[in-house]
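Right, one structure below, let's go through it.
Keep in mind the model is a prediction, meaning the values are calculated, not measured.
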Amino acid sequence: LDAISHVLENPRVTEDIRNQLRQVPDLERALSRLSLDRGGPRDLTAIRNGLAEATLIAGKGLGDAPTLLSNALKDLEGHDELIDLLDQALIAEPPLLARDGGFIATAYDEDLDEVRKLRDEGRGVIAQMQTEFVTATGISTLKIKHNNVLGYFIETTAAHADKMLSPPLNENFIHRQTTANQVRFTTVALSEMETKILNAGNRALEIEKRLYESLRSTILDSAALITQTARALAEID
C-alpha cells in the first residue's frame, strides 16, 4: 500500500514508467525459449530490448520510494555489459530463424564482414585484384575473366605472355591455357579467392550460427539476473 501511495503521489514519473513498461518484451518467455534451444534471433533481441527498457525505468527515479519499490528498481540494473554486447552484435529487427542469417550487425565480426563482402561484392573484389595484377606486371591489357570450365583466370595477349612466363613473374603467375591469341594464367591468391567467393554464402551462415550460439550462451550465463529483472518489472507493473 505504501508503494501504491508513492506512485499515485508521483503521477508524472508513474506515467513515464507506464509508457516504458509497454515497450518491454516478455523476458521470461524469450529466456525460456533460449534455454530450451527453441529460440532464435528475435529472442536475443527481446532480451536486449527488455533489459534496455528496464535500465531506462531504473533511471526514472521515484525519489524516496518505499522498500518494496526501491528494491524492485535496483533489480532492474546491472545489465550494461550484456546490453552493449547485444547492441553491437544484433541488427534492430532480425529474422525469425537463425538459419535465415542476416541478423548479425555489420562491424561486429571481421570474418563475417569479409565473407559477406565476397558474397555481395564478388565482382568488386575481383576487379580490385585485377588492378593489383596490372600494377605488378605493368601489362595494362591484363584482364581477369571467368568461364564454367576454368573458373576465374587471368588473360593477356600472346605478345605479353613471354613476360609472364619468365622470372620473376612466373614465380607468381601459373600458366593454365594457351589459345590462338590469348594466354591464360592463375595465381594461388586468385584460386583461393575463387574458392572463398563460391563458399562465401554458406560460410557467412556458418559464422552467424556460431555467433548466435555464443550470444545465446552469454545470455544463459546471466539467466538468474535476467529472471530477477523480469520479476522486478512484474512487481513494478
Side-chain angles (χ1 to χ4, degrees), residues 2-4 6-109 112 205 207-237:
D2 287 343
I4 292 168
H6 190 80
V7 295
L8 289 174
E9 290 164 6
N10 293 273
R12 182 173 296 179
V13 177
T14 299
E15 186 58 31
D16 284 346
I17 292 176
R18 280 194 187 125
N19 291 331
Q20 294 294 154
L21 285 168
R22 292 189 183 102
Q23 310 303 317
V24 177
D26 190 335
L27 283 171
E28 287 188 301
R29 180 175 182 273
L31 190 60
S32 175
R33 284 169 53 82
L34 291 169
S35 66
L36 295 171
D37 202 12
R38 294 179 180 174
R42 290 183 187 176
D43 293 298
L44 301 182
T45 54
I47 297 293
R48 175 194 64 189
N49 297 344
L51 295 180
E53 294 295 339
T55 301
L56 290 174
I57 292 170
K60 290 294 181 183
L62 273 169
D64 188 18
T67 302
L68 182 146
L69 193 55
S70 61
N71 286 346
L73 289 168
K74 287 175 186 175
D75 286 344
L76 304 183
E77 301 174 330
H79 302 287
D80 291 349
E81 190 173 332
L82 181 57
I83 293 168
D84 287 344
L85 172 67
L86 296 175
D87 256 341
Q88 292 172 29
L90 300 167
I91 64 171
E93 297 183 10
L96 180 63
L97 303 172
R99 67 169 180 255
D100 292 335
F103 56 90
I104 297 294
T106 302
Y108 176 69
D109 185 271
L112 180 58
L205 195 53
I207 293 173
E208 287 208 69
K209 287 179 178 177
R210 172 175 58 78
L211 294 173
Y212 168 82
E213 287 301 330
S214 175
L215 293 169
R216 173 176 167 267
S217 177
T218 302
I219 286 171
L220 293 179
D221 287 343
S222 298
L225 282 175
I226 294 170
T227 299
Q228 181 175 290
T229 290
R231 290 173 181 170
L233 285 166
E235 187 72 71
I236 293 166
D237 190 37

Exercise. For Arg29, what residues pass the salt bridge (charged side-chain N to carboxylate O under 4.0 Å, His left out) criterion, not counting sequence neighbours?
Worked result: none
Grab the two heavy atoms, one from [X] and one from [Y], that are nearest each other, plus how far apart they are.
{"X": "Ala46", "Y": "Leu27", "answer": "O-CD2, 3.7 Å"}
{"X": "Leu76", "Y": "Ala232", "answer": "CD2-CB, 3.7 Å"}
{"X": "Tyr212", "Y": "Pro41", "answer": "CE1-N, 3.9 Å"}
{"X": "Ala223", "Y": "Leu31", "answer": "O-CD2, 3.6 Å"}
{"X": "Val13", "Y": "Lys60", "answer": "CG1-CB, 4.2 Å"}
{"X": "Ser70", "Y": "Thr67", "answer": "OG-O, 3.1 Å"}

Would you compute the distance between atom [atom1] of [X] and atom [atom2] of [Y] and round it to the nearest 0.5 angstrom?
{"X": "Leu86", "Y": "Gln88", "atom1": "CG", "atom2": "CD", "value": "9.5 Å"}
{"X": "Asn10", "Y": "Asp16", "atom1": "CG", "atom2": "CG", "value": "11.0 Å"}
{"X": "Asp84", "Y": "Leu51", "atom1": "CG", "atom2": "CG", "value": "11.5 Å"}

Problem set entry | Full working for side-chain contact (heavy atoms from CB on, under 4.5 Å) between Ile17 and Val7 | CA-CA 10 Å; Ile17 292 176; Val7 295; over 6 Å; no
Exercise. Do Leu82 and Ile226 come within less than 4.5 Å of each other through their side chains, counting heavy atoms only?
Worked result: yes
Atom pairs and distances, side-chain donor-acceptor, residues 213-222, under 3.5 Å, sequence neighbours left out:
residue : atom : partner : partner atom : Å
Glu213  : OE1  : Arg216  : NH1          : 3.1
Arg216  : NE   : Leu34   : O            : 2.8
Arg216  : NH2  : Leu34   : O            : 3.1
Thr218  : OG1  : Ser214  : O            : 2.9

Problem set entry | Inter- and intrachain pairs under side chain to side chain donor-acceptor pair (under 3.5 Å), touching residues 223-235, at least two apart | Asp75-Gln228, His79-Thr229
Problem set entry | Test log, rule side-chain contact (heavy atoms from CB on, under 4.5 Å), inputs Leu85 and Tyr108 | CA-CA 9 Å; Leu85 172 67; Tyr108 176 69; 3.4 Å; yes
Test your reading of the model: is there a side-chain donor-acceptor pair from [X] to the backbone of [Y], 3.5 Å cut-off?
{"X": "Asp109", "Y": "Leu112", "value": "yes"}
{"X": "Arg33", "Y": "Arg38", "value": "yes"}
{"X": "Glu208", "Y": "Ala98", "value": "no"}

For this session: Just grab all the salt bridge (Lys or Arg N to Asp or Glu O under 4.0 Å) pairs involving residues 98-107, residues at least two apart or on different chains.
Result: none
Problem set entry | Worked check of side-chain contact (heavy atoms from CB on, under 4.5 Å) between Ile236 and Leu69 | CA-CA 7 Å; Ile236 293 166; Leu69 193 55; 4.2 Å; yes
For this session: Check side chain to side chain donor-acceptor pair (under 3.5 Å) between Arg42 and all other residues, then give those that pass, not counting sequence neighbours.
Result: none
For residues 18-25, tabulate all N or O donor-acceptor pairs below 3.5 Å that involve a side-chain atom, not counting sequence neighbours.
residue : atom : partner : partner atom : Å
Arg18   : NH1  : Glu15   : OE1          : 3.2
Asn19   : OD1  : Arg22   : NH1          : 2.6
Asn19   : ND2  : Glu15   : O            : 3.3
Gln20   : NE2  : Glu53   : OE1          : 2.3

